[in-house]
**Q** 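A single structure is presented below for examination.
Both ligands and their constituent atoms are indexed starting at 1 by order of listing. Start at 1 with the first residue, then count along the sequence.
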Amino acid sequence: MPGDADRKRAELEERLKFFSDIGADFIFKPEAKARKTGAPAVPTIPAAIAPPVPPDKSTAALDLGLIRDQILACRKCRLAAGRTQAVPGEGNPAAELMFVGEGPGRDEDLQGRPFVGRAGQLLTKIIEAMKLERSRVFIANMVKCRPPDNRVPQRDEIDFCTPFLVAQIAAIRPKILVSLGKVATDFFVPHAFGGMTSIRGRFYDWNGIPVMPTFHPSYLIRNEGNREIKKMVWDDMKQVLAHLGRT
Ligand code: URA
């Protein structure tokens with residue numbers, strides 16, 4: 001049986017590998033502050049969350065195709081006027097894990113694919129650091145068209161667009177949803193109080209599906225040198241992996 005020191009070393013090595021995989025270029029000092037202040041450990045999965053009923057995957061791809069067609073043709077809100085093309089989302093119709101971001105940026109608008117710009121490249125690295133493949137998860141956004149100048153989507157735009165997201169989730173029935181950033185988290189966890197730092201780190205229930213809120217990759221990029229944020233994201237992803245039985 002590995003001793004305490006061995007386990008701590010292995011945890012540190014694993015975290016360092018995650019940081020290096022996602023492109024962090026600093027030396028990490030382990031949890032000095034948290035230990036000194038006796039900060040509470042990150043809570044684990046509440047026992048009350050029951051695993052979702054196994055979905056019928058056979059119709060998921062068909063449903064996703066129909067939803068995609070509707071998204072591409074949608075002109076319900078002002079965002080349609082400014083788009084090059086809508087960005088429905090992409091991935092595995094049988095995905096166990098689904099990531100939900102805020103909305104397409106410039107690169108996504110040009111390519112019609114979610115998370116392909118700088119934040120997307122970081123998300124891809126995070127997925128790969130989890131020993132998963134991008135093509136095996138599903139990646140979608142709250143709004144499917146790029147808000148002008150990448151502004152935050154407005155309430156009515158979210159209201160018009162999220163029925164598409166809900167339909168995508170209903171088709172896929174993932175085992176876990178990861179909400180990236182505040183806009184997606186506000187949708188899945190409307191009752192949560194406080195900033196992302198206090199909301200993330202535990203699962204919430206959304207219609208029987210556990211949701212793990214975490215920081216948006218853009219926020220990680222904006223706070224490049226902040227190792228605490230990277231550590232929190234990795235801790236969140238480790239909980240996701242544990243829930244998927246992958247640790
Ligand atoms: N940010 C998002 O929230 N979604 C994308 O698709 C790209 C950047």
**Q** S179 and side-chain hydrogen bond (donor to acceptor under 3.5 Å, both in side chains): which partner among T214, D186, T185?
**A**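 Passing option: T185.
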
**Q** Carefully, step by step, assess E96 and R136 under the rule salt bridge (charged side-chain N to carboxylate O under 4.0 Å, His left out).
**A** CA-CA 8 Å; E96 293 191 336; R136 296 193 69 86; over 6 Å; no

**Q** Which of the listed options, E102, R146, E108, holds the heavy atom that is closest to atom 7 (C) of ligand 1?
**A**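 Answer by nearest heavy atom: E108.
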
**Q** According to the interplanar angle, ranging from 0 to 90°, do the rings of H216 and F115 count as parallel (below 30°), tilted (30 to 60°) or perpendicular (above 60°)?
**A**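 Answer is tilted, since the angle falls between 30° and 60°.
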
**Q** At a 4.0 Å threshold, what atoms of ligand 1 neighbour a non-hydrogen atom of H216?
**A**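 Matching atoms, with element in brackets: 1 (N), 2 (C), 3 (O).
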
**Q** Any heavy atom of R113 sitting closer than 4.0 Å to ligand 1?
**A**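 For ligand 1, residue contact (heavy atoms, under 4.0 Å) with R113 is absent.
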
**Q** Which of the numbered atoms in ligand 1 are below 4.0 angstrom from a heavy atom of P114?
**A**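 The atoms of ligand 1 under 4.0 Å from a heavy atom of P114 are 6 (O).
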
**Q** Flag the pair M196 / M232 as yes when at least one side-chain heavy-atom distance between them is below 4.5 Å, and no otherwise.
**A**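 The answer is no; the side chains never approach within 4.5 Å.
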
**Q** Could you check atom 4 (N) of ligand 1 against the protein and tell me its nearest heavy-atom contact, residue, atom and distance included?
**A**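 Of the protein heavy atoms, N141 OD1, 2.8 Å lies nearest.
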
**Q** Could you tell me whether R118 atom CZ has more than 12 heavy atoms of other residues or ligands within 6.0 Å of it?
**A**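 No, because the 6.0 Å sphere around CZ of R118 holds 12 heavy atoms or fewer from other groups.
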
**Q** Minimum distance, heavy atoms only, to atom 5 (C) of ligand 1: which one of P153, G103, A119, G89 is it?
**A**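 It is G103 that holds the nearest heavy atom.
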
**Q** Quick one: are V211 and V100 in side-chain contact, heavy atoms under 4.5 Å?
**A**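 No, their side chains stay 4.5 Å or more apart.
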
**Q** For ligand 1, is there an N or O atom under 3.5 Å from any N or O atom of G101?
**A**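 No.
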
